[in-house]
Amino acid sequence: MKKSKFLISLLLILLLPYVNSTTSRHKWPKTSKHFVLVHGACHGAWSWYKIMALIKTSEHNVTALDLGASGVNPKQVLEIPHLSDYFSPLMEFMASLPAHQKVILVGHSYGGLAISKAMESFPEKILVAVFVTAHMPGLTLNATTLLTKSSSEMVSQLDNRVTYNNGPTNPPTAFFFGPKYLARNVYQQSPIQDWVLATTLARPLYVYSKEDISKEMVLSNKSYGSVRRVFIVAAEDKTLLKEFQEWMIEKNPPDEVEEIPGSDHMVMMSKPLHLFNLLLRIAQK
């Protein structure tokens with residue numbers, strides 16, 4: 001916990017001049033909102049540091065979470081063999097919220113699965129769910145189909161790698177982004193400092209079985225379907241291609257669609273101010 005607070009504090013200090021220059025022109029609304037930010041595969045709460053700084057400076061509340069075996073979460077990847085283990089920090093946080101409090105739940109990439117599970121479990125505590133170039137399962141689009149379609153080619157590209165802790169004849173147990181893949185397909189529009197940060201802090205992701213995903217990701221119209229959804233398209237995404245994002249939107253239409261031009265997969269790194277302004281606008285509706 002101390003390490004996590006130190007890391008966030010350091011990132012905020014480094015970003016303070018940027019925040020001051022980009023927020024001084026705006027008058028922020030008096031009504032305070034609470035944003036909950038959920039990272040993508042192999043990343044952590046640290047990936048939201050620019051958005052966190054902007055939200056804090058605008059006098060809204062923000063919580064960025066480390067999912068299981070991510071960021072500074074103490075679990076190791078082989079200690080979370082079920083998708084529920086990976087989601088656990090978000091589920092525990094949502095359960096701890098007062099019954100009357102509603103949050104703006106924001107999920108990036110693989111984090112779309114986590115916020116979808118939270119929508120199913122805690123619909124009454126979510127004002128709106130925002131999928132930022134994220135996996136967006138639904139009543140007619142199951143999570144295993146999404147993951148199979150989006151990851152089949154990505155796993156073997158460039159220096160991405162998988163590990164086989166149960167032997168080479170069994171399915172892989174963990175996946176990890178290589179620095180070359182991160183540079184070319186994930187952070188290609190982002191400042192080089194953010195790519196370096198990712199190569200330093202990224203951690204492996206457990207490769208969950210289709211059976212485990214299907215069991216965990218059961219969504220209903222009564223709960224998941226009752227939460228307002230917004231999808232933000234990253235126009236230059238080379239990890240979840242724009243065509244794939246549009247396919248998800250077509251198969252599982254959200255209430256609103258926004259697009260950020262010129263953004264790579266890491267929208268919060270390459271276009272932080274644009275994303276921040278969109279999140280504020282969505283929250284105020």
Side-chain angles (χ1 to χ4, degrees), residues 29 31-40 48 51 55 60-65 67-68 82-147 149-150 208 212-233 240 244-259 267 275 278-285:
T31 304
S32 180
K33 304 290 185 181
H34 188 173
F35 295 84
V36 178
L37 312 177
V38 182
H39 61 82
W48 293 102
I51 302 299
I55 292 174
H60 290 289
N61 298 318
V62 61
T63 300
L65 295 166
L67 298 179
H82 300 290
L83 194 56
S84 58
D85 301 323
Y86 183 66
F87 292 163
S88 179
L90 175 60
M91 297 300 106
E92 291 175 2
F93 174 80
M94 294 298 296
S96 72
L97 289 172
H100 65 277
Q101 186 173 348
K102 287 181 177 286
V103 300
I104 296 94
L105 194 56
V106 185
H108 173 246
S109 192
Y110 197 76
L113 299 185
I115 70 169
S116 295
K117 178 65 177 181
M119 292 162 66
E120 178 65 26
S121 303
F122 305 96
E124 73 286 351
K125 293 184 177 183
I126 304 169
L127 185 66
V128 59
V130 185
F131 292 77
V132 182
T133 187
H135 291 93
M136 184 174 64
L139 307 179
T140 59
L141 187 58
N142 65 65
T144 54
T145 300
L146 283 182
L147 295 175
K149 188 176 178 66
S150 65
Y208 298 102
D212 187 63
I213 295 170
S214 297
K215 179 182 177 181
E216 184 68 15
M217 297 302 300
V218 178
L219 306 176
S220 68
N221 188 55
K222 180 180 179 181
S223 297
Y224 171 90
S226 68
V227 180
R228 178 176 174 80
R229 282 181 291 125
V230 179
F231 193 96
I232 296 179
V233 175
L240 296 184
F244 176 76
Q245 297 174 61
E246 291 172 341
W247 175 79
M248 284 192 294
I249 291 167
E250 179 185 354
K251 296 294 183 181
N252 182 27
D255 298 281
E256 184 180 346
V257 177
E258 300 285 352
E259 182 171 329
V267 188
L275 176 58
L278 266 183
L279 291 177
L280 276 190
R281 194 170 78 200
I282 291 167
Q284 293 303 322
K285 285 189 177 181

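These figures come from a predicted structure and were not determined experimentally.
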Distance-only, no hydrogens or angles: does the [X] side chain make a donor-acceptor pair with backbone N or O of [Y] under 3.5 Å?
X      : Y      : result
Ser88  : Ser84  : no
Glu124 : Ala99  : no
His82  : Asp212 : no
Ser226 : Ser223 : yes
Thr145 : Leu141 : no
Gln245 : Leu240 : yes

From CD (Glu120) to CE (Met217), nearest 0.5 Å: 9.0 Å

Enter the distance from Lys251:NZ to Met136:CE here, rounded to the nearest 0.5 Å. 12.5 Å

Looking only at heavy atoms, what is the nearest atom pair of [X] and [Y], with distance?
X      : Y      : answer
Asp85  : Pro89  : O-CD, 4.0 Å
Leu146 : Pro137 : CD1-N, 3.3 Å
Phe131 : Gly112 : CE2-O, 3.5 Å

Residues in side-chain contact (heavy atoms from CB on, under 4.5 Å) with [X], at least two apart?
X      : answer
Asp255 : Arg228, Arg229
Val257 : Val233, Ile249, Pro254
Leu65  : Val36, Thr63, Leu90, Phe93
Gln101 : His34, Leu97, Pro98, Val103

Hits for salt bridge (charged side-chain N to carboxylate O under 4.0 Å, His left out) against Lys222, two or more places apart or cross-chain, chain-then-number order -> none

Could you tell me which residues satisfy salt bridge (charged side-chain N to carboxylate O under 4.0 Å, His left out) with Glu258, sequence neighbours excluded, listed by chain and number?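 For Glu258 the salt bridge (charged side-chain N to carboxylate O under 4.0 Å, His left out) partners, ignoring immediate neighbours, are Arg281.
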
Parallel, tilted or perpendicular for Tyr208 and Tyr86, by the 30°/60° rule?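 Plane angle between 30° and 60°, so tilted.
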
